[in-house]
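Reviewing the structure listed below.
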Amino acid sequence: MRAMNRLDGMSTERIVFSRRSDQLGGRLNAMINAMRIADAFGFEFRFIWPRSADTSINDPAQLFNQAFLDKFEISRNELKGRPVLPEHKLISLSEYDARQWLKSMGSNACVEAENPFGIACLSLESADIVRSTFIECFQRINWSTAAHALFNNLTTWRGGDDLAAVHVRAGDIVTGGWRHAMHYEKYTPLPYVNLAIEQLMQGGAKQVLVVSDNSHLLAWLCQRYEVVITASEIIPHYGELPESLKSLADIVLLSRCRIIVGPPSSAFSLLAANLGCGRVTSPQELVPFDLGRQVLLSGIVDMQVEATRFSFLNGLICRDIVWYLDVFADEINVRAQLELAKTAALLDSDFVSIHSRIALAAMRTDDWKEAHDAASEGLRLAKTGEPHDDPIVEALATDITVKCFDIVLQRQRSRRMRGDPVRPLRLAGLFPGFGEIRLANLHRSLFQVTNLDPTEMNRNGVLRSLRVLVAMAVCFSKLSEEVSALLNAGLTEWDWCVEDIERSQPRVLANRRPQPPRFEGLARNIDKAAADLSRAIDAAFARTSLEKQQTMWINGVRELVEYYGEDPRGMSSSHVLRMYRRFPSTHLLRLYRRLIRQRWRE
């Protein structure tokens, strides 16, 4: 009844609300921004607290008192039928224009505060006013009794100029629900963490506060460095607190440090900086630019020795290796990449990303069994992994890439299945051949990527390169046997292990994918594969006098890429149906595909 009464009252209220589904840092930062904007325009403040698979953040009653929740928390249903305006459009206008715009939207307009990192700065606001009002809004929150007790324990601890802090996220993205994907902007390689602590010590820090969601890592760093202190040494009974209150305590502690070394896209660290007087510095900024690769590689070697005594380091070292392979890929020989990736797989065999790196490197070294096995293993792990889509996007993209290379290079054209029960039908033209089935599977996988919604990955960038790869595979398979034979001789001579840092523009790529504002390992790897395959085919054509066929091939690829981009659903329905127009029955098709999968596994 209370919810219905509040809904009736809200129908005429203008509100500013937040509804982030991140961890605590992003949610609180957006909430405080919503409070600031509501104050500035005379609106009501509200917030939605999404319940997710991460149960540690699901109960807002651990943080806020009941009166605060009754007054300000709403559900998604209470926004139905109301226009929602994004915060970034509002703050880009002058105060007068913003008020006029809001007025034109009617009496039930809503503004969504969506910035989890910075402070939403309205026009003509000075930096001092912005920060002071942000802190004031944080202090106005009605906290729970447990949170108040936590703040009381922190009143005597003020930090200091000689205290620095390091934030290391190594829990959920290493051993928790987000462990199967690589989070470049949130994960810090362990050698860089060690170097950051040593640099802070040399800079005069008498103590280095380290906060992390990995208790084993905290204990290991305390043992390794005498200057390291943790929240459990400052707050009584810290280990008994629920995870949400531990996170709140860590944020408050970080806010009292002038130097905060942490991941560059961590809402957790940035909220602490917004509430205090410090600034966030990425650990990579403390590493000399020309020494970054060597520091990371030597650190990985050293940590492997430590891992013989501390098994929790295995998962961290595995991600350090993936980080190294992706960031410094242009400087590492492909065979060395493969060996390093195999080493990482021994440390954490359940990590989807490492199987992707093995598959792509094995493909370039002509080890096709290794490539297909690794891609299949990545798919298997991704399908049984966490509920978000990042791992399955990476596994599907890798599988598509390997199969496209395989089709173009024709490594499996001569493969025949023993005991094929429908071989007479296939030879008579009543059943599709292996090539048609493989192309249809590629289309299905590409359509599946189109329908997925990853959280961290640049899906559109990955899709652009995948469309080019699939288009090249389809068009190459349509060439005559004579042309294919001539081109295949040239492709056989192509050295896939050559690292060419200054890569030329692929002729089949209409537009090069623009660099995203942050590092995108998967998009970069797939883009690189598409460019290399295109350049190899161009080089193979250049060895022949097939200029007409080359032009037709390039135009065909471009047209198919445009077709995939304009109507992605078409390739899963009409296009695939046309490829299967000769199927005698869907029952036989299912039987045939099941036999293929079973035989290929054997």
Side-chain angles (χ1 to χ4, degrees), residues 23 53-57 165-198 208-233 238-243 246-247 249-250 253 261-263 266 268-269 283 295-326 340-355 357-358 381 384-386 390-391:
Q23 296 295 316
D54 187 355
T55 56
S56 65
I57 196 70
V166 176
H167 170 218
V168 186
R169 185 168 175 179
D172 60 337
I173 60 176
V174 176
T175 59
W178 293 80
R179 69 187 182 280
H180 281 304
M182 192 67 202
H183 306 273
Y184 304 92
E185 305 300 321
K186 299 183 184 298
Y187 178 77
T188 303
L190 194 51
Y192 290 163
V193 173
N194 292 333
L195 182 64
I197 295 174
E198 293 165 6
V208 177
L209 171 68
V210 179
V211 298
S212 177
D213 51 356
N214 189 319
S215 59
H216 298 291
L217 177 61
L218 286 175
W220 182 77
L221 289 172
C222 285
Q223 179 181 337
R224 187 178 178 91
Y225 301 104
E226 293 183 0
V227 298
V228 168
I229 61 171
T230 63
S232 60
E233 299 176 50
Y238 174 86
E240 301 172 9
L241 295 174
E243 291 301 320
K246 285 182 180 179
S247 298
D250 290 345
L253 290 174
V261 179
S266 168
F268 191 92
S269 299
V295 167
L296 183 53
L297 182 58
S298 60
I300 288 172
V301 174
D302 293 342
M303 290 302 102
Q304 285 181 273
V305 177
E306 284 284 293
T308 59
R309 299 168 50 216
F310 303 96
S311 60
F312 79 91
L313 290 174
N314 288 335
L316 297 170
I317 299 170
C318 181
R319 283 151 185 82
D320 291 351
I321 291 175
V322 173
W323 205 97
Y324 174 80
L325 291 175
D326 289 349
L340 200 53
K342 288 181 178 180
T343 300
L346 295 175
L347 299 173
D348 188 354
S349 59
D350 290 338
F351 186 29
V352 171
S353 291
I354 197 59
H355 294 287
R357 305 310 178 277
I358 292 174
L381 292 171
T384 59
E386 57 263 38
D390 296 66

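- Using modelled atom types and a 3.5 Å distance limit, the side chains of Y225 and E198 yield a donor-acceptor pair.
- When every heavy atom of P283 is checked against every heavy atom of G262, the shortest pair comes out as CD-O, 3.3 Å.
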Does the side chain to side chain contact (heavy atoms under 4.5 Å, CB included) test come out yes or no for K246 and Y238, once each step is laid out? CA-CA 7 Å; K246 285 182 180 179; Y238 174 86; 3.7 Å; yes
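- Here the side chains of I317 and I300 are in contact, with some heavy-atom distance below 4.5 Å.
- Aromatic ring centres of Y192 and W323 lie closer together than 6.0 Å.
- With sequence neighbours excluded, the residues that form a side-chain hydrogen bond (donor to acceptor under 3.5 Å, both in side chains) with S232 are T230.
- Of the possible polar contacts, none joining the S349 side chain to the L346 backbone as a donor-acceptor pair under 3.5 Å is found.
- Atom SG of C318 is separated from atom CG of L313 by 12.5 Å, given to the nearest 0.5 angstrom.
- When the ring-ring contact (aromatic ring centres under 6.0 Å, His included) test is applied to Y324, the partners found at least two apart in sequence or on another chain are F328.
- When all heavy atoms of G171 and N214 are compared, the closest pair comes out as N-CB, 4.5 Å.
- Closest of all the heavy-atom pairs between S269 and H167 is OG-ND1, 2.7 Å.
- Rounding to the nearest 0.5 angstrom, the gap separating the OG1 atom in T175 from the CG atom in L316 is 8.5 Å.
- Every side-chain contact (heavy atoms from CB on, under 4.5 Å) that D350 has, sequence neighbours left out, goes to H180, D348, L381.
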Would you sort out whether V228 and Q223 count as a side chain to side chain contact (heavy atoms under 4.5 Å, CB included), showing the intermediate values? CA-CA 9 Å; V228 168; Q223 179 181 337; over 6 Å; no
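- When atom types are taken as modelled, the side chain of S247 and the backbone of E243 share a donor-acceptor pair closer than 3.5 angstrom.
- Each of V193, V168, L221 was checked for a side chain to side chain contact (heavy atoms under 4.5 Å, CB included) with S212, and the lone residue meeting it is V168.
- Minimum heavy-atom separation, D320 to P189: OD1-CA, 3.1 Å.
- For the side-chain contact (heavy atoms from CB on, under 4.5 Å) test, residues two or more places apart in sequence or in another chain that qualify with A341 are L325, I354, R357, I358.
- Judged by distance alone, the side chain of S266 and the main-chain N or O of P263 form no donor-acceptor pair under 3.5 Å.
- Once rounded to the nearest 0.5 Å, the distance linking CE of M182 with CZ of R179 reads 15.0 Å.
- Within the structure, no pair that satisfies the salt bridge (Lys or Arg N to Asp or Glu O under 4.0 Å) test touches residues 212-230, not counting sequence neighbours.
- When all heavy atoms of L217 and A170 are compared, the closest pair comes out as CD2-CB, 4.1 Å.
- The CG atom of L190 lies 10.5 Å from the CG atom of D302; values are rounded to the nearest 0.5 Å.
- Between M303 atom CE and F310 atom CZ the span is 10.0 Å, to the nearest 0.5 Å.
- Note: L209 CG to E233 CD = 9.0 Å, rounded to the nearest 0.5 Å.
- Cation-pi geometry between R319 and F351 is met: the NZ or CZ atom falls under 6.0 Å from the ring centre, inside 45° of the normal.
- For the residue pair Y187 and R169, the shortest heavy atom distance occurs at CD1-O, 3.9 Å.
- By the side-chain hydrogen bond (donor to acceptor under 3.5 Å, both in side chains) test, E306 pairs with W220, R309, sequence neighbours left out.
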